[in-house]
Amino acid sequence: MDEPALLVALHDVTPAHAARLARAEQLLSALGLTSVAYLFVPDYHGRAAAHDDREFWARFRSPRPYAIEWFLHGYFHEEQASERGAWPSPRQWFARRFLTRGEGEFLALRGLALQERVQAGIHSFARAVGCLPKGFVAPAWLYNEELVPVLQRLGFRFTESHFHIFDLHTCDAVPAPVITWASRTRQHRLSSRTCALLARGLWQRRPLIRVALHPCDFDHPRSVDSVARTIEALRVTRRVIGYRDLANHSRTTIARLVHTPTLK
Ligand SMILES: [Zn+2]
């Protein structure tokens, strides 16, 4: 039986969100977490080249009260209009309509363009963080079946969908549903706070739950309150872990998931 665990990630680490990230870090420190995954975006919406921003990176050199695991999180974090294709599949149409606001950068990206985008991300990551990324998380967890083989070829260990973390070295999938908050409209915020509350109960018996925070959550005090209450409640019965600790968790084979991972 797995020890119940919690994995917390801070998405969209980019100079474009510097002030919001500072507020997020204040909360993460106050909550007394031991490990947080930071998801690095190389050039957010093509206007925030992170690897060139020395002032931004100087901030991250000072120690935090928790360990940081750095992962790569897309490149532009925005779907380029030229890559959308004239005829989207029903799944792409649904994802664009309901799951993201134009941020599914890896939803339709394929072939050489896909590989080159990930390689550009690795290069930026290495310049900024000073090492190679072990994990890749597609923006909004949206991608097609060509992404996983590219990540495997380029040596990544981890990627994930809404409901699983994939260990690409062992070809295993670790069940790990995610609680996250939406900030776009008042209705989105209200429904995501309700979902967070329900998910805590619904997934009570799940060995591993992820909590994913986004910088824009920190523009809304009621969302911040919901984030804090959720993490505090989960921590009563769960140990905070990082991706590096996943070796101890139950897995299923990746083979049956790899073909349709996007909405699982
Ligand atoms: Zn993101």
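For the numbers below, each heavy atom of this structure counts, side chains included, while hydrogens, waters and symmetry mates do not. When a ligand or atom number is given, it counts from 1 through the structure's own listing order.
- Distance alone, capped at 3.5 Å, is enough to place a donor-acceptor pair between the E105 side chain and the F76 backbone.
- Metal site remark for the Zn ion (ligand 1): H77 contributes an N, O or S atom at a distance under 2.8 Å.
- At a cut-off of 3.5 Å, with distance as the only test, no side-chain donor of E116 or Y75 sits close to an acceptor on the other residue.
- Partner D167 forms a salt bridge (Lys or Arg N to Asp or Glu O under 4.0 Å) with one of R244, R157, K134 and no other, that one being R157.
- Of the possible donor and acceptor atoms, one in the side chain of H73 sits under 3.5 Å from a partner among the backbone N and O of V137.
- Residue D12 counts as close to the Zn ion (ligand 1), with an N, O or S atom under 2.8 Å.
- Residue side and main chain included, H73 places an N/O/S atom under 2.8 Å of the Zn ion (ligand 1).
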